[in-house]
Each structure stands twice: as structure tokens, then as C-alpha cells.
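Below is one structure, written out as C-alpha cells; comments come after it.
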Amino acid sequence: MRLEMFDPAPIGVILTEGPEHRLAYTNEVHRKTFGDRPLGRTVREAFPDLVQAGYLDILDRVYTTGRAEVLTGAPIDLDFADSPGGGTRYFSFSFSRATTSDGRQGVLGVIVEVTEQVTGAQRIRVLSEERRRALLRYRSLVSAGSQVVWVTGPKGGVTEPSPGWQRVTGQSWEEFRGDGYLDAIHPDDRAGAAEAWQRALAEQAPHLTYDTYRLRTASGEYRHFAVEAAPVRDGDTVIEWVGTCTDIEQEWQEARQEELLARASAATADIVRLDEMLAALAEVIVPEIADNCTIYLLPQALHRLPGTALTADRVAAAHRDGLPDLPVHHEEHLESGSPLARAADGRRPVHAVFPPGSPPPDLAPPGSAPWLAEGANSVVLFPVVVDGTTAALVTASVCGDRTPLGPADISLLRMVLQRSHTPLRNALEYQRTRQVALALQRSLLTEPPRVPDLGIAVRYRPSSAAAEVGGDWYDAFELRDGALALTIGDVSGHDLPAAVTMSQLRNMLRGLTLDRQEPTGTILRRLDVAVQTLYLECTVTCVLGRVERPGPGRFQLTYSVAGHPPPLLVGTDGTARFLYDARSPLLGLVPEPEYGSATEPLPAGSTLLLYTDGLVERRGEDLTVGLERLRREASGAVRLPLEDFCDRLLDNLLTTVGDDDVALVAVRVPEDVGGPGSGTGPH
């Protein structure tokens with residue numbers, strides 16, 4: 001093992017030697033966090049300030065047994081180098097036995113700080129309770145907290161003046177009475193408000209809460225109001241209705257912001273490629289913030305002098321229905337004095353509001369002219385600034401009688417586009433990150449066990465994309481009852497955190513499987529609890545199987561599938577079929593899911609194949625096409641030796657596309673073990 005490979009790793013790495021656990025190596029991140037601990041000393045001597053001494057016993061177990069151990073979200077109290085004075089912080093640890101380049105045995109530890117995630121989850125629980133109480137208070141019909149109170153007759157129609165309504169909307173009593181109030185409601189909300197009111201009159205519910213709608217205020221702007229009403233009864237007869245309107249513009253804007261940022265996070269959660277991320281953000285911006293949005297990358301941003309001509313590569317274009325299409329990946333050459341160039345040089349938004357369809361000259365690149373001509377009333381030219389450099393430019397416009405873009409929209413646009421800062425900043429770091437993640441990943445992808453009467457082969461092939469590191473894993477090990485455990489899975493994401501999460505979940509599943517003899521579906525349910533508790537933003541696909549001997553010369557597979565591509569069973573005659581009987585949702589998706597199990601005989605000479613989606617998925621292609629391609633290839637190659645069988649599948653199925661990692665596990669039953677025939681037809 002070459003220790004210098006861990007020097008640039010963005011996670012802590014520690015290596016001890018011998019049964020005394022003498023400190024042999026720490027990388028830079030470890031030293032910055034825990035201080036420059038003296039090498040050559042035992043861990044207990046090097047960390048005299050570590051309160052939780054019991055953690056050190058893990059080193060003894062890992063060194064003695066050779067089995068890796070993982071601690072997740074463990075509290076640590078000591079004097080940290082980067083925060084003098086000590087305190088409690090939280091870390092996840094992964095310890096495994098390692099051999100140094102000169103043959104000495106030791107323990108390798110990988111350490112990731114999760115203090116922010118742990119404390120953040122605690123804060124979220126507090127905030128959720130506070131918001132729940134605030135919502136209950138807000139929804140109570142306490143007239144003292146309302147801005148407007150109004151009264152209608154039993155069949156509708158305003159019957160009494162409302163000073164609050166007149167103050168807010170500017171409508172006189174003559175304009176307000178009867179159904180005149182509808183004129184103050186935004187045209188887009190008017191029909192829905194009238195329909196909801198007529199439905200309430202017909203149902204005569206004891207209490208009514210309208211959907212929020214917009215009212216035109218006396219100043220001419222529209223603000224969001226929540227409407228609540230209740231019938232006044234004389235016995236069983238409704239004699240009138242009393243209602244309130246409450247200005248919730250601020251609450252509505254905050255909810256809009258939270259919802260939009262959540263959508264932006266969800267849309268970009270598993271995206272690494274910068275152009276794909278920007279395209280996803282454009283689809284979030286339209287139509288919530290704007291009717292049109294274009295995003296440009298500035299390929300010469302670091303080398304261009306301010307005031308010179310600007311080359312912009314349009315990588316994303318989104319628009320609402322009814323507006324012209326714009327092709328993406330179109331290069332624009334912008335003069336130094338153009339508005340977009342000024343926005344890039346000034347690193348500040350350029351904002352313009354104008355009569356519909358009459359934008360100022362040269363406000364946007366020529367390609368955006370069709371949008372502006374379609375009744376646009378406002379435009380924002382927004383620079384995305386990263387570390388002082390304008391790395392991208394965004395244009396957004398609103399059309400027709402929609403409210404022009406304003407300061408609140410610009411602020412929201414800025415927050416949405418913050419999602420692109422990290423990939424822009426880290427574009428040059430992808431390759432190094434990938435190398436570190438692959439080193440971690442490969443250290444966990446072990447050789448399969450040697451099992452009598454069974455052939456086992458494993459393969460792992462990383463993505464050819466420099467910026468993408470997957471969370472694929474496989475595992476195969478013997479259980480105490482003699483069964484062979486097989487697992488294969490994929491953690492969402494293509495980055496270093498995905499690889500770290502993969503390593504933790506792989507080891508967790510191994511521990512759960514070894515802990516007790518339970519159905520495979522029960523074990524996956526326990527793993528799902530861990531995923532939904534410890535990895536709130538994570539989803540995982542997985543197959544867990546047990547290859548067992550129900551009788552002499554017979555083999556069977558008991559398995560469960562959590563959102564993963566189905567196992568493939570191939571007979572010696574080339575008959576191949578997928579095993580669909582134990583399908584369940586992927587881990588981390590559904591609250592309190594149920595995971596079933598199924599049992600499948602493994603005929604003599606048959607080959608069982610578990611694989612990750614990179615083997616069958618192709619961009620823009622239906623998954624069934626890829627599965628059928630795999631079935632044909634496996635059927636034609638099943639008579640090859642098992643190792644050659646695996647290589648043939650990888651060579652033939654990954655010749656042109658390598659967008660994702662691929663892992664596979666193949667198990668073959670010998671032909672001379674007796675039992676049923678080698679066919680794999682229906683059973």
C-alpha cells in the first residue's frame with residue numbers, strides 16, 4: 001500500500017501498525033482535524049485526550065479478526081486542532097485490516113465528519129415543530145389577526161361594506177357589493193375562486209378554507225391572500241356567511257422559495273455534468289420564475305480581459321408552451337458594450353421592464369429575439385459569479401400580462417443558480433476526486449470466497465467519464481450455516497460521497513446478513529431503516545440472495561430485489577430468463593416498505609448473474625431493450641468458462657458506452673451435481 005495516495009484525499013485517513021496499534025500515518029485532513037499526533041506511539045499514547053476510550057477497542061477486533069467495522073455518526077470529545085477548547089463533534093469511521101508496502105500488518109481507518117448532518121437533523125426537527133405551531137395559530141379564525149372581514153348573503157353576494165377590503169383593494173362600496181369583489185382578484189385566479197365559492201355555498205360546510213389567491217391592492221400590485229369563511233346558522237338554516245382575508249404574501253414567498261429550492265435540489269441531485277445541471281435548473285426556473293430562460297457558459301472566462309468581445313456557449317434553453325424553440329449548444333459572439341457583456345464585466349444583474357413586446361435594442365443575444373418579440377415585458381440578465389469570475393450568464397424574461405420580473409424574482413433566481421456554483425468551482429477537481437473515490441471503492445471490492453461445488457466470478461469496471469464515480473458494489477461471502485450470501489447494489493450519485501456511502505452500506509448489509517438467519521426481505525427492511533435514518537438524501541438499489549443446498553446435489557436461490565435490475569438465470573441449453581418474483585421499492589424511498597422474498601431452484605449447470613444498471617442502461621433507450629440485449633448475450637456465452645463468460649458480457653455490452661460504473665457477480669452450478677435438469681423454464 002502506497003500511503004502517499006491518501007495525502008490529497010478530502011477525508012481523514014489513519015494507519016496503525018502491529019497489535020499495539022502504533023501510529024504509522026495520518027493524512028492532511030486528519031492532521032488538520034485531530035492535530036499532528038506523534039507517529040510511532042501507540043494510539044492510546046498519541047490520543048491521551050480521547051474521552052471515548054472504548055472506540056480504541058475496535059482496532060483490536062479489526063486487527064485480530066480481519067473483519068472491517070463501521071461506526072456511523074459517533075460522538076467524539078477531545079481537543080480538536082481546528083477548534084481549540086474541545087467539544088463534541090460527530091464522525092463516521094470505517095476500519096479495515098491493511099498491509100503496508102513492506103508487508104507489515106495494521107489497521108486502515110477512513111474518517112468522515114458528519115457533525116453538520118447530525119446537528120442539522122436536530123435543527124430541522126425543532127424548526128418543523130415551530131412551523132407546525134405557527135401554521136395552527138395562523139389558521140385559527142381569530143378576527144383580531146385578520147386584515148379584512150366580509151359578509152355575504154346565504155346564496156353569496158356581498159351584503160355589507162368592509163372598511164378593511166376598501167383599504168386594501170381601493171374598491172368603493174358600489175364596486176365591492178354583490179359579486180364586484182371578483183374584479184379585484186387576479187385574472188388567472190378569478191375563475192378558480194368563483195368556482196370554489198359556489199361549491200362552498202352548495203355544500204354549506206361548517207368551515208371553509210379557500211385556496212390562496214391574489215388580490216389587486218390599492219397601489220396596483222397583486223399580493224397573495226388566504227380566505228377563510230364560515231356559515232352563520234339559525235338552527236339548520238344558513239342566514240349569511242362571514243369570512244376573512246389575510247395577507248400572506250411574505251409567507252407565500254417563503255413557501256415558494258422553499259419549494260423551488262427543493263425542486264432545484266431534486267432536479268440536480270444525481271447530475272455531475274455541468275451542462276446537464278444547468279439544463280435542469282433552466283427547467284426549474286421556467287415557468288415558476290420566468291416564461292423563458294437561456295443559460296450560457298463562458299469558456300474563456302478566466303483568460304478574457306474585461307471590455308473585450310465575449311464568446312458565450314448556450315448550453316440550456318427552456319420556455320413555456322406556445323413560445324418558439326431555441327437550439328442549445330449554440331455559440332454567440334457578444335460585443336463588449338452589449339448588455340450581456342456588461343453584466344459579465346460588472347458581475348451584477350441587468351434588469352429591464354418595458355411595454356410588452358417592445359424591449360430596448362440589443363438587450364439580449366440575437367437568438368433570444370423571438371422570445372422578446374412574443375410580448376415580453378421584462379428581462380433579467382444574470383451573471384453567475386464563482387470566486388470573483390463570471391462563469392456563466394443567464395437570461396430570463398416574462399411575457400404577456402404576467403407580473404414583470406422584480407427584485408424578489410432576481411433574489412430567487414440567484415438562490416436557484418447557487419446550485420451550479422459547486423460544479424463550476426470543482427470542474428478542475430473532478431479527476432483527482434475520482435481517483436481518490438476509486439481507490440476507496442476498489443479497496444472494498446474483495447475477491448469472492450472459494451465454495452465447494454460452486455463457481456463464483458466477480459467483475460467491476462469504473463465509468464470512463466472522468467467526473468463520474470458511481471456507488472456500485474458487490475459482495476459474496478459464506479454464512480455460518482454454509483449458505484453463500486450474494487449482494488449487489490448501487491447508491492444514488494456519482495461522486496466521492498456516493499462512494500463513501502456505498503462503502504458504509506455495503507459493510508452494514510454484510511453485518512446485518514451475518515447477524516442472524518432471517519429472510520432476505522427482512523434484512524433489506526432493516527437496511528432500509530438505516531438508510532432512511534442515517535442517509536436522508538440517499539436512495540439505494542440492491543439485490544440480496546442466499547444460495548442454499550436444500551438437499552444432496554441440489555441448489556436453490558432465496559432472494560429479494562429492492563428497485564434493482566432483476567437477476568438473470570441461464571441454463572446450459574442457453575435458455576435465459578429474468579427473476580421477477582421478489583420485486584420491492586428501492587431503499588430510502590417509501591416510508592415503512594415491505595420487502596418480499598422468493599425462492600428459485602438452480603438447475604445443474606445453470607449460471608446466475610447479478611449486475612448493476614450500467615450493464616443494461618443506455619441514455620435515451622428503454623430499459624427493456626437493454627435487458628433483452630443482456631439476455632441474448634448471456635444465452636450465447638453460457639457455455640464459456642465462468643471467467644470468460646463475465647469478460648464476454650463486459651466486452652460485448654460496453655464496447656461503445658461507458659457512462660456508468662458496472663459491477664457483476666456470476667455463480668455457476670456444476671453440471672454433475674445431479675438433481676433436476678438444466679432447463680430454466682417456468683416452475
Side-chain angles (χ1 to χ4, degrees), residues 127 130-150 152 158 162-171 175-176 179-200 207-230 241-264 284-291 320 351 353 377-378 380 396 398-416:
L127 289 174
E130 291 176 352
R131 289 176 181 173
R132 188 186 69 84
R133 292 181 180 179
L135 188 60
L136 291 174
R137 289 194 296 268
Y138 159 70
R139 286 184 171 176
S140 65
L141 283 174
V142 180
S143 59
S146 302
Q147 291 189 355
V148 177
V149 178
W150 46 266
T152 76
V158 175
S162 171
W165 181 273
Q166 183 174 359
R167 183 181 65 254
V168 170
T169 67
Q171 278 190 323
E175 294 169 327
F176 175 47
D179 293 334
Y181 70 92
L182 288 170
D183 293 337
I185 298 177
H186 191 283
D188 292 345
D189 299 343
R190 196 171 295 161
E195 180 183 350
W197 176 233
Q198 291 302 317
R199 186 168 58 250
H207 178 261
L208 166 69
T209 300
Y210 278 134
D211 290 335
T212 298
Y213 58 76
R214 291 164 286 180
L215 289 180
R216 185 185 63 245
T217 65
S219 64
E221 68 171 340
Y222 284 96
R223 295 180 66 84
H224 289 81
F225 282 74
V227 178
E228 294 184 288
W241 288 75
V242 178
T244 62
C245 296
T246 304
D247 187 333
I248 60 165
E249 181 65 24
Q250 181 176 351
E251 293 92 333
W252 185 89
Q253 292 289 355
E254 291 174 354
R256 177 197 186 201
Q257 172 182 315
E258 291 182 5
E259 179 184 359
L260 198 63
L261 294 181
R263 286 175 53 196
V284 172
I285 293 168
V286 175
E288 184 62 33
I289 300 176
D291 292 322
R320 66 167 172 79
H351 179 211
V353 179
N377 60 36
S378 56
V380 172
V398 162
C399 301
D401 58 2
R402 183 174 178 177
T403 304
L405 293 167
D409 300 302
I410 297 175
S411 176
L412 190 53
L413 187 65
R414 177 180 289 106
M415 286 186 282
V416 170

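The structure displayed is predicted, hence computed values, not measured ones.
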Are the side chain of Arg190 and the backbone of Leu182 linked by a donor-acceptor contact shorter than 3.5 Å? yes
Minimum-distance pair of heavy atoms, taken over all atoms of Arg256 and Ile289: NH2-CA, 3.7 Å
List in chain and number order the residues that pass salt bridge (charged side-chain N to carboxylate O under 4.0 Å, His left out) with Arg214, two or more places apart in sequence or in another chain; answer none if no residue qualifies. Asp189
Determine whether Val380 and Leu413 make a side-chain contact, defined as any pair of heavy atoms from C-beta on separated by less than 4.5 Å. yes
When you compare the side chain of Val398 with that of Arg320, does any pair of heavy atoms fall below 4.5 Å? no
Atom pair CG/CZ of Leu215 and Arg223 - distance to nearest 0.5 Å: 10.5 Å
Of all heavy-atom pairs linking Pro404 and Val353, the shortest is CB-CG1, 3.9 Å
If you measure from CD1 on Ile185 to OH on Tyr222, what distance do you get to the nearest 0.5 Å? 10.0 Å
Spatial distance of atom OG (Ser162) from atom CH2 (Trp150) [nearest 0.5 Å]: 10.0 Å
Does the Thr212 side chain pair with the main chain of Ala226, one donor and one acceptor, at a distance under 3.5 Å? no
Is there a side-chain contact between Leu260 and Val284 (heavy atoms, below 4.5 Å)? yes
Aromatic rings Trp165 and Phe176: how do their planes relate, parallel, tilted or perpendicular, breaks at 30° and 60°? parallel
Rounding to 0.5 Å, atoms CD (Glu254) and CD (Glu249) come to a distance of 10.5 Å
Decide side-chain contact (heavy atoms from CB on, under 4.5 Å) for Glu259 and Glu288; before the verdict, give the C-alpha distance in whole Å, the side-chain angles of both, and the deciding distance to 0.1 Å. CA-CA 10 Å; Glu259 179 184 359; Glu288 184 62 33; 5.9 Å; no
Are the side chains of Val416 and Leu261 in contact, using a 4.5 Å heavy-atom criterion? yes
Quick check for you: to the nearest 0.5 Å, what is the distance between Ile410 atom CD1 and His351 atom NE2? 4.5 Å
Side chain of Arg402, backbone of Asn377: donor and acceptor closer than 3.5 Å? no
Would a distance-only check, ignoring hydrogens and angles, find a side-chain to backbone donor-acceptor pair under 3.5 Å from Gln171 to Gly180? yes
Trp197 side chain reached by Val227 side chain, heavy atoms, under 4.5 Å: no
Regarding Gln253 and Gln257, is there a side-chain donor-to-acceptor distance under 3.5 Å anywhere? no
Quick one: pull up NE2 in His224 and CD in Glu251 and give me the separation to the nearest 0.5 Å. 11.5 Å
Check: Ser378 side chain, Leu405 main-chain N or O, donor-acceptor pair, under 3.5 Å: yes
